[in-house]
Amino acid sequence: MTFYEKYPQLQDKAFLTQMLTETVFTTMSLEDQQVSKDKVEEIVLSLLSSDDKLESSKLIKDQIS
């Protein structure tokens, strides 16, 4: 069984965006890092649309810092 067969909802971009946004926002809040949920969602969307994984990781560091 493949990963996407086991978790087909992860292929839905809206579901994945919501799940990642909530997870990142909540984790950052628990660590007392104040970033707006809108900003987190913007970063998540930009990463999901990016094909270059290395560029994506650099984008995260640049936008959160």
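Quantities reported herein were computed from a predicted structural model and do not represent experimental measurements.
- Transitive grouping of hydrophobic side chains (ILVMFWY, heavy atoms separated by less than 4.5 Å) brings Val35 and Val24 into a common cluster.
- Take Gln9 and apply the side-chain contact (heavy atoms from CB on, under 4.5 Å) test, not counting sequence neighbours, and it matches Tyr7, Phe15.
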May I have the step-by-step check of side-chain contact (heavy atoms from CB on, under 4.5 Å) for Leu20 and Val40, ending in yes or no? CA-CA 9 Å; Leu20 289 171; Val40 173; over 6 Å; no
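- For the pair Glu5 and Thr2, the minimum side-chain heavy-atom distance is below 4.5 Å.
- Summarising the geometry, atom CD belonging to Glu41 is positioned 11.0 Å from atom OG belonging to Ser46; distances are rounded to the nearest 0.5 Å.
- Residues Leu16 and Val44 are members of one and the same hydrophobic cluster, defined by side-chain heavy-atom contacts under 4.5 angstrom among Ile, Leu, Val, Met, Phe, Trp and Tyr.
- The side chain to side chain donor-acceptor pair (under 3.5 Å) pairs that include a residue from residues 15-29 are Glu22-Lys37, where partners are two or more places apart or lie in different chains.
- In this structure, the separation between CZ on Phe25 and CD1 on Ile43 is 12.5 Å, given to the nearest 0.5 Å.
- The structure places CD of Glu42 at 4.5 Å from NZ of Lys39, a figure rounded to the nearest 0.5 Å.
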